[in-house]
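Below is one structure, written out as structure tokens, with a few remarks after it.
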Amino acid sequence: MMDRRQLLKAALAGSAALSLGGCTLLPRKSGFNPELYSAAVGKPDGTFGVSAFDLSGQPLWVSPVATRCHSGCTRPVNNQLVFFERRPGWSFYVLDASTGKRLHHIDAAEGEHFVGHGVFSPDGRWLYATASRYEPGEGIIAVYDAEQNYQRVNTFELAGIGPHQITLHPDGETLAIALGGILTHPDYDRLKLNLDTMAPALILMNRRSGEIVGRLNPSHHQQSLRHLDVHPSGKVYVAYQHQGPRHEMPALLARMENNRLREIRFDDETQAGLANYIASVIAHPENDLVAAASPVGGTAVVFQGSTGKLLAKASIPDCSGVQALAGGDFLISSGQGKLVRIGAQQPAVDIAQLPLYWDHHLV
């Protein structure tokens, strides 16, 4: 009998190349490993995995995992992928990027949980993972030595609650961390316990010492910083999930400028379509474009990073993942298995429908 991996691979092989836009090939990614996409996925049978796809839309491998994962990162100078369980995550997985073979399964320390994101140092040795001590509600960065089988070697304090996405500045020394400010506890599912006293921030940290070298706050204390990206030029973009009333519709995106967050707000119709919730933001490394997606509102947008001018938007139910494509466009994934190409100069095009459920991020 075939195992779950073989069953899913057989199912995908029959339908993954289905084209909705007249093209049977997925576009190349911009940057590292341009012919491979990976993501956490939900399977039709209700189980979960991490999967990699080639440009034909065919699965290279599907690696089963115990519970839903959220996002991952690629280890530089090494053919490894790390994927984190969805918050509250009790572990992360280290996989061979070519085969999906599980190399390590690392549990969170006692009293801690991961929150779905991590990033490597430029040489690939150190893994920095956002995490929380859930009883006191303290946000931390957990540091692991990939050369020592991902042994925990350090802990950096964030002096705040609810870290989520983390990335590395092009200077190679500064970690940029989205601090959501929301207190949660595993015993209360995803209940938000401190909406009146939230203190979200963009935190800049020296990756060697753990020293916080910058802390920038949004204009409203309920604009929870959840996701971010850094352009190769060093421009930092952040995305909010507003925790106040839906009708308020404040800015949901911002760019770090002159040591403050310059917030970007679109017209009321577009803001309503974003539904106070951004799940991914990506600054295209080849140009001045930035894309963001809202699964709650079913809306994806592309805007000019330097000015905040809205250039394109598309209605994509449950859209969440964003990836920069070679040549200047973006690929948007949805929790319904759809892949959509969107750019500043042309309408959004549906390019594939796969029989699985993408989680929030494409890697």
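Numbering starts at 1 and runs along the sequence shown.
- At least one donor-acceptor pair under 3.5 Å links the side chain of Thr307 to the backbone N or O of Lys309.
- Atom OG1 in Thr299 sits 10.5 Å away from atom CD in Gln271 (nearest 0.5 Å).
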Report the C-alpha distance between Val302 and Lys313 in whole Å, list the side-chain angles of each, state the deciding distance to 0.1 Å, and finish with yes or no for side-chain contact (heavy atoms from CB on, under 4.5 Å). CA-CA 6 Å; Val302 176; Lys313 66 178 177 179; over 6 Å; no

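- Looking only at distances, no side-chain donor or acceptor of Asp145 sits under 3.5 Å from a matching main-chain atom of Tyr150.
- Rounded to the nearest 0.5 Å, atoms CD1 (Ile140) and OG1 (Thr130) are 9.5 Å apart.
- Side-chain contact between Leu202 and Arg215: absent, with no pair of heavy atoms (C-beta onward) separated by less than 4.5 Å.
- Here the shortest heavy-atom pairing between Asp329 and Ala344 reads OD1-N, 4.5 Å.
- No single ILVMFWY cluster, assembled from side-chain heavy atoms under 4.5 Å apart, contains both Leu183 and Leu225.
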Test log, rule side-chain hydrogen bond (donor to acceptor under 3.5 Å, both in side chains), inputs Ser132 and Glu138: CA-CA 6 Å; Ser132 287; Glu138 297 167 346; over 6 Å; no

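- Atom CD of Gln222 is separated from atom NZ of Lys192 by 10.0 Å, given to the nearest 0.5 angstrom.
- In this structure, the side chains of Leu253 and Phe266 come closer than 4.5 Å at one or more pairs of heavy atoms.
- Scanning both residues, Tyr144 and Ile106, for their nearest heavy atoms gives CE2-CG2, 4.0 Å.
- Atom CD1 of Ile351 is separated from atom CZ of Arg341 by 7.0 Å, given to the nearest 0.5 angstrom.
- Contact between Ala108 and Gly89 at its shortest, heavy atoms only, is CB-O, 4.3 Å.
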Do Val143 and Thr155 pass the side-chain contact (heavy atoms from CB on, under 4.5 Å) test, and can you show the C-alpha distance, the side-chain angles, and the key distance before you say yes or no? CA-CA 6 Å; Val143 186; Thr155 303; over 6 Å; no

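- For the pair Leu95 and Val50, the minimum side-chain heavy-atom distance is below 4.5 Å.
- For Ser333 against Leu362, the heavy-atom pair with the smallest separation is OG-CG, 3.7 Å.
- Hydrophobic clustering keeps Leu228 apart from Ile141 (ILVMFWY residues linked when any side-chain heavy atoms are closer than 4.5 Å, directly or through intermediates).
- Note on Leu331 and Val349: same hydrophobic cluster, where clusters join Ile, Leu, Val, Met, Phe, Trp and Tyr whose side-chain heavy atoms are under 4.5 Å apart, directly or indirectly.
- Separation of atoms NE2 (His169) and CG (Leu204) is listed at 8.0 Å; rounding is to 0.5 Å.
- Arg68 and Glu85 are not joined by a salt bridge, as no carboxylate oxygen comes within less than 4.0 angstrom of a charged side-chain nitrogen.
- Between His70 and His164, a ring centre-to-centre spacing shorter than 6.0 Å is recorded.
- Using modelled atom types, one finds no donor on one side chain facing an acceptor on the other under 3.5 Å when comparing Ser280 with His227.
- Summarising the geometry of Ala131 relative to Val115, their closest heavy-atom pair is N-CG2, 4.2 Å, with the distance given to 0.1 Å.
- Using a 4.5 Å cut-off on side-chain heavy atoms (C-beta onward), Met205 and Ile166 make no contact.
- In Asp171, the CG atom is crowded: over 12 heavy atoms of neighbouring residues, nucleotides or ligands sit closer than 6.0 Å.
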Criterion side-chain contact (heavy atoms from CB on, under 4.5 Å) on Arg28 and Leu55, from CA distance to verdict: CA-CA 7 Å; Arg28 290 165 58 90; Leu55 295 186; 3.4 Å; yes

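- No side-chain donor-acceptor contact under 3.5 Å links Arg207 to the backbone of Thr174.
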Is there a side-chain contact (heavy atoms from CB on, under 4.5 Å) between Gln223 and Glu263 once you walk through the steps? CA-CA 11 Å; Gln223 287 169 305; Glu263 295 178 347; 3.4 Å; yes

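- Side-chain atoms of Ser30 never come within 3.5 Å of backbone atoms of Leu325 as a donor-acceptor pair (strictly under, hydrogens ignored).
- Few gaps surround CD on Glu157; more than 12 heavy atoms of other groups in view lie less than 6.0 Å from it.
- At a threshold of 4.5 Å between non-hydrogen side-chain atoms, the residues Ser63 and Phe83 do not count as touching.
- Panel note: side chain Asn217, backbone Pro200; a donor-acceptor pair is recorded below 3.5 Å.
- Linking Ile, Leu, Val, Met, Phe, Trp and Tyr residues whenever their side-chain heavy atoms come within less than 4.5 Å leaves Trp126 and Phe120 in two separate clusters.
- Atom CZ in Phe92 sits 13.5 Å away from atom OG in Ser71 (nearest 0.5 Å).
- Formation of a donor-acceptor pair under 3.5 Å by the Arg152 side chain with backbone atoms of Asn154 is found in this model.
- Ring centroids of His231 and His284 are separated by 6.0 Å or more, keeping the two rings apart.
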Run the side-chain hydrogen bond (donor to acceptor under 3.5 Å, both in side chains) check on Asp288 and Ser306 step by step: do they pass? CA-CA 7 Å; Asp288 185 32; Ser306 58; 2.6 Å; yes

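- Ring geometry for Trp90 against His113 counts as perpendicular: the plane angle is over 60°, on a 0 to 90° scale with 30° as the lower cut.
- With 3.5 Å as the limit, one finds no donor-acceptor pair spanning the side chains of Thr74 and Gln80.
- Considering all non-hydrogen atoms of both residues, Val65 and Arg102 come closest at CA-NH2, 4.1 Å.
- The main-chain N or O of Leu310 is never found under 3.5 Å from a side-chain atom of Gln304 such that the two would form a donor-acceptor pair.
- Side-chain atoms of Gln241 do not come within 3.5 Å of backbone N or O of Ser224 as any donor-acceptor pair.
- Electrostatic pairing of Glu110 and Arg133 does not count as a salt bridge here, judged by no charged N lying under 4.0 Å from a carboxylate O.
- At least one donor-acceptor pair closer than 3.5 Å links the side chain of Arg255 to the backbone N or O of Gly305.
- Heavy-atom neighbours of Gln345 CD from other residues, nucleotides or ligands within 6.0 Å: at or below the threshold of 12.
- Ser51 places no side-chain N or O within donor-acceptor distance of the main-chain N or O of Val62, the cut-off being under 3.5 Å.
- Annotation: cation-pi geometry satisfied between Lys29 and Tyr37 (NZ/CZ under 6.0 angstrom from ring centroid, within 45° of ring axis).
- By the 4.5 Å heavy-atom criterion applied to side chains, Leu289 and Leu311 are counted as neighbours.
- Inter-residue side-chain proximity for Leu252 and His242 is flagged as met; some heavy-atom pair is nearer than 4.5 Å.
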Apply side-chain hydrogen bond (donor to acceptor under 3.5 Å, both in side chains) to the pair Gln165 and Asp229, showing each step before the final yes or no. CA-CA 9 Å; Gln165 190 167 15; Asp229 195 29; over 6 Å; no

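- Two residues are said to be in side-chain contact when any heavy atoms from C-beta on lie closer than 4.5 Å; Leu175 and Asn206 fail this criterion.
- For Phe84 and Tyr93, the gap between ring centers reaches or exceeds 6.0 Å.
- Cluster annotation: Leu168 and Val213 are assigned to distinct hydrophobic clusters (Ile/Leu/Val/Met/Phe/Trp/Tyr, side-chain heavy-atom contacts under 4.5 Å, transitive).
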